[in-house]
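To keep things clear, I will list the structure first and then write my remarks on it.
Every number for a ligand or one of its atoms is a count from 1 in the order of the listing. None of the values given here were measured: they were computed from a predicted structure.
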Amino acid sequence: MHLVELLFVSSLSVATFALDNGLMRVPPMGWLAWERYRCDIDCDHDPKNCISENLFMDMADRLSEDGWRELGYVYVNIDDCWSSMKRDDNGRLQADPKRFPGGIHKLARYMHDRGLKLGIYGDMGTHTCGGYPGTTLDKIELDAQTFADWEVDMFKFDGCYSNATEQEQGYPLMSKALNATGRPIGYSCSWPAYQGGLPPKVNYTQLGEICNLWRNYGDIQDSWDSVLKIINWFFENQNVLVSAAGPGKWNDPDMLIAGDFGLSMEQSRSQMAIWAMMAAPLFMSNDLRTINSGARSILQNKIAISINQDPMGIPGRSILKEKSGIDVYWRPLSKNASALVFFSRRNDMPTDTRLPSANSTTPQAATRSMMSSRRRP
Ligand code: GLA
């Protein structure tokens, strides 16, 4: 049983420097195809003839008609396997004409007409991770311009099939190329995930100057084990990661999977709470056409979203790990507030954890006092 509670207490403030495109001053929110759909984008509905663009239009309809957009979920992001296996005669990437008969530009217009944004995926290397055409160093400017011509709003640059030297050149070059198009395009870099996620191999100061968000760690899968592995890695390395993030530059622990098959309601609630505390981008990967009301209300939780979107943009920290299996996370928020999350790793029984009517002056002191006054057998 994983139990999470959110509370507010006190705060502080810090100035940060980020990629100068003015975008994503708070963590981006939206929907991303990969975890739920992989390369079979909508093929479970019609295996022989899957028109993938319908899925993205369906998700856009749900985001705009079911209350998601108003909460901030505005990106609809395509991941791998969208392109044709061949570039066109001018060397430009092109969408697979069978699965995206209207083309990417039409899809971007569809999003914009509904107050949404479109994201697309590419790969710094010879091929994408799924084996589709990649963006080698000589193609960076052309591909950035192609995405801008299609009126794309966000670009995820993966790193399969390239080496460290190519990545060192390619990720900053793409940042420049996207900026040079004059179109505001949020830039998501998978670079650190390919370099182990930590200094000295990863330079977070540089990343903050060239990318709006970055994947630091492995891919999320549809299981609680996978979510826990990610949570553990992020908080074990919090001293490096917390200072790397801020307005315009975010650590990305990967997608939210509430509404899929692997998590219980409590586990889904726990993921949402921890992602809110980490100031993580909130990209759901699920089927918004059939999502159940429990998962919907977790993902639409206004308190969790407002903690996630706090304008100060300082990620939370783990401040206490109890032998009893309770972890406490604390995030400073603007307006002299903070958020606390009590996270239970116990899987034997529910745990009743409360703050004493604390007159403690800091969240850490209140939490210590709570822990010493409520030992369970
Ligand atoms: C990598 C990325 C995933 C996804 C796949 C697509 O594994 O980390 O997020 O984009 O590639 O092939």
- Message: Using a 6.0 Å distance limit plus a 45 degree cone around the ring axis, check whether Arg114 lies over the aromatic ring of Tyr110.
- Response: yes
- In terms of the angle between their ring planes, are Tyr204 and Trp214 parallel, tilted or perpendicular, with boundaries placed at 30° and 60°? tilted
- Please report which non-hydrogen protein atom sits nearest to atom 12 (O) of ligand 1, along with the residue it belongs to and the distance in Å to one decimal place. Asp80 OD2, 2.7 Å
- Is there a heavy atom in Arg38 that sits closer than 4.0 Å to ligand 1? no
- Task: Could you tell me whether Asp149 and Arg92 make a salt bridge, using a distance below 4.0 angstrom between a side-chain N and a carboxylate O?
- Result: yes
- Polar atom proximity, Asp254 to ligand 1 (N or O, under 3.5 Å): no
- What protein heavy atom sits nearest atom 3 (C) of ligand 1, and how far off is it? Asp219 OD2, 3.5 Å
- Item | Atom indices of ligand 1, in the order listed, that fall short of 4.0 Å to a heavy atom of Gly130 | 12 (O)
- Query: Looking at the rings of Trp82 and Trp34, which for Trp means the six-membered one, are their centres under 6.0 Å apart?
  - Reply: no
- Item | Per-atom contacts, ligand 1 versus Tyr121 - under 4.0 Å to a heavy atom | 6 (C), 10 (O), 11 (O), 12 (O)
- Could Glu53 and Lys106 be called an ion pair, given the rule that one side-chain N must be under 4.0 Å from one carboxylate O? yes
- Query: Mind checking whether Phe235 and Tyr329 have ring centres under 6.0 Å apart?
  - Reply: yes
- Message: Less than 4.0 Å is my threshold; does some heavy atom of Ser190 fall inside it relative to ligand 1?
- Response: no
- Item | Heavy-atom nearest neighbour in the protein, as seen from atom 10 (O) of ligand 1, with distance rounded to 0.1 Å | Asp79 OD1, 2.6 Å
- Do NZ/NE/NH1/NH2 and the carboxylate oxygens of Lys139 and Asp143 come within less than 4.0 Å? no
- Item | Protein heavy atom at shortest distance from atom 9 (O) of ligand 1 | Lys156 NZ, 2.8 Å
- Evaluating non-hydrogen atoms only, which member of Asn77, Thr128, Asp158, Leu32 is closest to atom 1 (C) of ligand 1? Asp158
